[in-house]
Each structure stands twice: as C-alpha cells, then as structure tokens.
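Notes follow the structure.
Lettering follows sequence order; numbering is per chain, from 1.
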Amino acid sequence: MMQITCPHCGPRAQSEFIYERTVDSVVPLDAAPEQAMATLFARTNPRGVDEEIWRHTYGCRAWLVMTRHRVTNEISATRAVGPEALP
Amino acid sequence: MSRYSALGLLRGALNGQKHWQPAWRDPEPKSHYDIIIIGGGGHGLATAYYLAKVHGLRNIAVLEKGWIGGGNTGRNTTIVRSNYRLEPLHNFYEFGLKLWHGLSDDLNYNVMFSPRGAMFLGHSDADMVKLAERGDAMRCDGIDADLMTRDEVAKLEPLLDMSRDARFPIQGGLIQRRGGSARHDAVAWGYARGADSFGVDIIQKCEVTGFVRDGNAVVGVETTRGRIGAGRVGICVAGHSGHVAAMAGLKLPVESQTLQAMVTEGVKPMINSVIMSQSLHCYISQSDKGGIVFGGDPDNWPSYAQRGHPMVMEGAVAQGLALVPALSRLRMVRTWSGVTDMSFDGAPIIGETSVPNLYINGGWCYGGFKATPASGWTYAHTLATGKPHPLNAPFSLDRFERGATIDETGSGPMPNSR
C-alpha cells in the first residue's frame with residue numbers, strides 16, 4: 001500500500017484515497033469537439049511517471065495532484081488542486 | 001513435429017520416454033518477415049497459428065520480451081465464457097467458445113478445457129432482471145443461457161451460503177453450461193507448438209524498442225536483438241499496449257491497471273462450476289489441482305507494477321468467504337497480478353491504426369484469456385488481408401471518435417469505474 005501525503009492532512013494510508021483521472025485528461029471548458037474527444041479518450045499511459053488527480057475521499061475530500069511512477073509506485077510530489085491544475 | 005498420442009506415450013514407456021523433442025524451436029531472428037507480431041502471449045501465438053493455418057502464410061515471427069505465456073496468459077483466472085449481453089461482444093466470444101470446444105483436438109495439445117458451467121449469481125430482484133435480460137439477449141443469438149432458481153443454484157453449489165440472512169443473499173443465477181475453465185500455460189504452449197510446426201519463428205527474450213519508419217509507414221522494428229524488417233506489424237501486448245503504441249507516436253483509449261488473482265491450497269472437489277458475481281465482482285473456481293482460485297476487482301488506479309495491493313485482495317477474499325463460508329478454513333498459498341489494459345468502453349480493440357502497416361490488438365480489460373482463440377482468429381484475418389473480420393469490425397480503434405463505443409456495463413469513459 002502507498003502512503004500518500006495529502007496537502008491538507010499530511011501522510012495518510014492509500015485506502016483513504018480514490019484515483020480519479022490523469023491531469024492531461026481534464027477537458028478545458030472551451031475545448032473544440034475534436035480536442036475534447038482526444039483529451040477524453042486518449043491517454044499517454046506511460047510506463048513511467050505521470051501526473052494523476054486523486055481525491056482524499058475518506059478524509060478531507062479535497063482533490064490533489066500526485067506525481068507518481070507507475071512501476072515503482074514512488075510518489076515524487078503531491079500538491080493541492082485548484083484552477084491552476086487545469087491545462 | 002511428432003504428433004502426440006496415447007500410442008506414442010505407450011511406445012515411449014518401453015523406451016524410457018527418450019523420444020521427447022522440444023515442442024518449438026529457438027531460432028535466431030531473420031532480417032525480414034512478412035508479418036511480425038509483438039507479444040508472445042496466448043493472443044500473439046494464436047494469431048501466428050491462424051495466420052499460418054488459415055491464411056497459409058509462413059514468413060511470420062512472434063517477438064516476446066520475456067518468455068512466452070509469461071504475461072497475462074499466466075496471470076489470469078482461466079475462465080472461459082461468452083455470456084455478454086451486447087451483440088458484438090457475445091458473438092465474438094461465442095465464436096471463441098466454439099473454438100475452445102475443439103481446441104485440444106485442433107492443436108493436438110491438451111489445453112484441459114473443462115466446460116463445467118459458468119454461473120452468475122443474482123442477489124436481488126434487480127440482479128435477476130438484469131440476468132434474465134442478458135440471458136434473453138444471448139438466446140436470441142443462439143447462445144446457451146439458463147436462468148436458475150434459488151433451488152437450482154443451491155443444488156449445483158451446495159456450499160454457497162443460501163441462508164436468508166446471508167451477507168449477500170442469493171436469489172438465483174444465470175448459467176452458461178458450455179463455459180468453464182482451461183489450463184493457461186497449455187494454451188500458450190499448444191499454440192506455440194502449432195505455430196512453430198508451420199515454420200513460424202517464436203523469438204523469446206527479444207524486446208521491441210522502437211519502430212522503423214519509411215515516411216509514416218512502419219517497415220520494421222528495432223529490438224534488443226537487432227533491427228528486423230516487416231511487411232506488417234501487429235501489436236499484441238495487452239497491458240503494455242500504451243507503452244508500445246507510444247513508440248509509434250500513438251495515444252490509445254487505454255489505461256493500464258493491475259488485476260490480481262490468488263489461489264488456496266489444494267483440496268478435494270468442493271466448487272463444481274465457475275461461480276461469479278458481477279454485482280460484487282468476485283470469481284471463484286477450483287483448479288484441476290484442487291486449489292480454489294479467486295479473482296476480484298482491478299486495483300482501480302494506473303499501474304504497470306505486476307504486483308497487487310493487499311486492500312483489493314482483502315476485498316475479493318471477503319466477498320468469496322461471504323458467498324462460500326467453508327473457504328474460511330483454507331490457506332492462501334499464492335497471489336499474483338498482471339497488467340491489464342483497461343479500454344474506455346470495456347471492450348477490446350482489434351484493427352488498424354492511423355499508422356500504415358501497424359495494427360493493434362489490445363484493450364482486453366480483465367477478459368482476455370477466454371478470447372484467446374477468437375482474438376487470434378480475427379487478428380490473423382486482419383493482418384493477412386488488411387481488413388477486419390466481420391467479428392472484429394465493431395472493435396476498431398476509431399470507434400471512440402465515431403461515438404460507436406461498446407459499453408457492456410454502461411459506465412462511460414472511466415476505466416477506474418468499470
């Protein structure tokens with residue numbers, strides 16, 4: 001199990017968190033249909049580091065952005081999410 | 001290739017069994033093949049086998065970065081069934097199920113296919129309506145499905161907790177009697193032996209590291225054993241589809257997640273069929289060695305780790321114990337996990353890509369093993385002719401942008417909610 005540092009609550013067990021989606025899959029509100037389509041359905045899905053949006057569902061319920069390696073599960077950063085998380 | 005037979009075994013018995021030969025060769029890669037298949041799992045090997053057998057092609061290579069059958073072919077719960085509600089899905093898997101029924105004879109290799117029945121449990125009125133609807137959809141296309149009463153379920157599986165105050169009360173079920181399980185390694189080995197006998201080169205420990213391009217078209221692959229030219233290249237790497245497709249500059253509607261399974265110590269026969277609950281997402285069957293095999297939910301977040309998460313394991317086992325309380329006395333002896341390529345509608349992707357000469361077979365989510373023969377058959381057709389087989393035409397990569405998704409669970413483009 002991973003230990004995830006919530007930007008608001010500090011280090012907590014992974015079981016308190018739920019994965020939502022990757023940062024690059026958030027569709028901007030003014031996206032053209034083709035761009036929205038590509039963003040919604042296509043993923044980089046790297047065998048390496050990606051930025052993911054998680055939620056501290058069973059804690060403070062806030063969203064956060066996690067930078068994590070998908071083979072080693074090493075979490076290099078977590079940060080609070082806000083309007084700046086949008087591409 | 002010598003044919004396996006009871007007589008041959010008997011003859012060998014008189015000769016100290018000294019007649020055994022390797023079941024496939026270990027060739028050096030040639031400089032060019034008509035068709036290269038990336039990935040030596042069940043699907044890749046089946047594709048090579050049907051390319052040779054059905055389409056008469058011979059200059060084919062299967063490239064495998066590790067050893068054949070060492071990925072998801074060796075990491076699943078070996079359940080075989082075709083009981084899907086949506087027409088493109090059940091027609092595809094039913095074609096596969098028919099191939100499963102003749103597979104051991106066709107390959108001259110015992111894949112130990114055991115049609116012991118695949119049963120979905122219904123836990124509520126809503127579940128029973130859903131199961132009846134699914135069964136009706138299947139029967140309309142000539143696929144066997146029987147709705148079961150509570151008593152029939154109890155008779156088939158006496159160890160299920162049928163009490164009224166059970167954690168997950170059982171109201172009935174839906175059974176596909178021609179479904180069951182098979183031996184995973186034998187599927188990979190049988191197809192490998194069959195393909196090799198037609199002259200297909202199965203090249204292990206050969207990882208693809210890039211594509212050779214002529215303009216936009218793919219004309220070969222770079223590997224850890226050198227450059228190999230190819231007329232057509234087929235990606236067939238399950239969980240690693242995104243990784244390999246990225247080498248060709250493609251982004252797929254796929255997210256890789258970990259799926260776990262686990263097995264107990266061997267015991268005498270106690271589970272007669274394959275018990276599944278889709279409301280819970282729990283699978284229980286008994287292997288031929290006697291171990292009780294459990295499967296559950298994927299780990300619901302992206303991962304290539306090939307190792308699972310105890311929390312998810314606990315969930316699967318808790319569900320299993322609630323359904324069959326007698327399992328609580330058994331010890332778990334092994335757990336394992338594979339990297340599943342969760343597609344964005346839950347259905348597979350088989351067909352051409354936007355890159356000329358490059359084809360894709362992936363997005364199997366947690367349902368790839370049962371599809372092995374159908375996947376190989378239709379992918380072989382696609383690679384040989386450049387056009388989809390009618391059965392895999394609905395599963396094209398461009399269906400997402402056309403809005404023609406095949407979403408059995410109706411959960412939308414969110415692999416983690418599937």
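Expressed to the nearest 0.5 Å, how far OG of B:S303 lies from NE2 of A:H69 amounts to 10.5 Å. Rounded to the nearest 0.5 Å, atoms CZ (A:F41) and OG (B:S343) are 10.0 Å apart.
Interface remark: of the candidates B:V254, B:V312, B:V339, B:V254 forms the most heavy-atom pairs closer than 4.5 Å to chain A. Of the listed residues A:E52, A:R68, A:R21, the one with more heavy-atom pairs under 4.5 angstrom with chain B than any other is A:R68.
Contacts between B:P302 and chain A at a heavy-atom distance below 4.5 Å involve backbone atoms as well as side-chain atoms. In this structure, chain B has a heavy atom under 4.5 Å from the backbone of A:T72, while its side chain stays farther away. In this structure, no portion of A:E34 lies under 4.5 Å from any heavy atom of chain B. The parts of A:M1 that come within reach of chain B are both its backbone and its side chain, each placing non-hydrogen atoms under 4.5 angstrom from that chain.
A 6.0 Å sphere centred on CZ of A:R61 holds no more than 12 heavy atoms belonging to other residues, nucleotides or ligands. Heavy atoms of other residues, nucleotides or ligands lying less than 6.0 angstrom from CZ of B:R225 number more than 12.
Across A:V71 and B:Y304, no two heavy atoms sit closer than the pair CG2-CB, 3.8 Å.
At a threshold of 4.5 Å between non-hydrogen side-chain atoms, the residues B:P253 and A:R43 do not count as touching. The closest side-chain heavy-atom distance from A:W54 to B:W301 is below 4.5 Å. A 4.5 Å side-chain heavy-atom check between A:R70 and B:T258 finds every atom pair outside the cut-off. B:H309 has its side chain within reach of A:Q14: a pair of non-hydrogen atoms, C-beta onward, lies under 4.5 Å apart.
One N or O on the side chain of A:N45 and one on the backbone of B:S256 form a donor-acceptor pair closer than 3.5 Å.
Screening A:T22, A:T44, A:D50 against B:E255 for a side chain to side chain contact (heavy atoms under 4.5 Å, CB included) leaves a single residue, A:T22.
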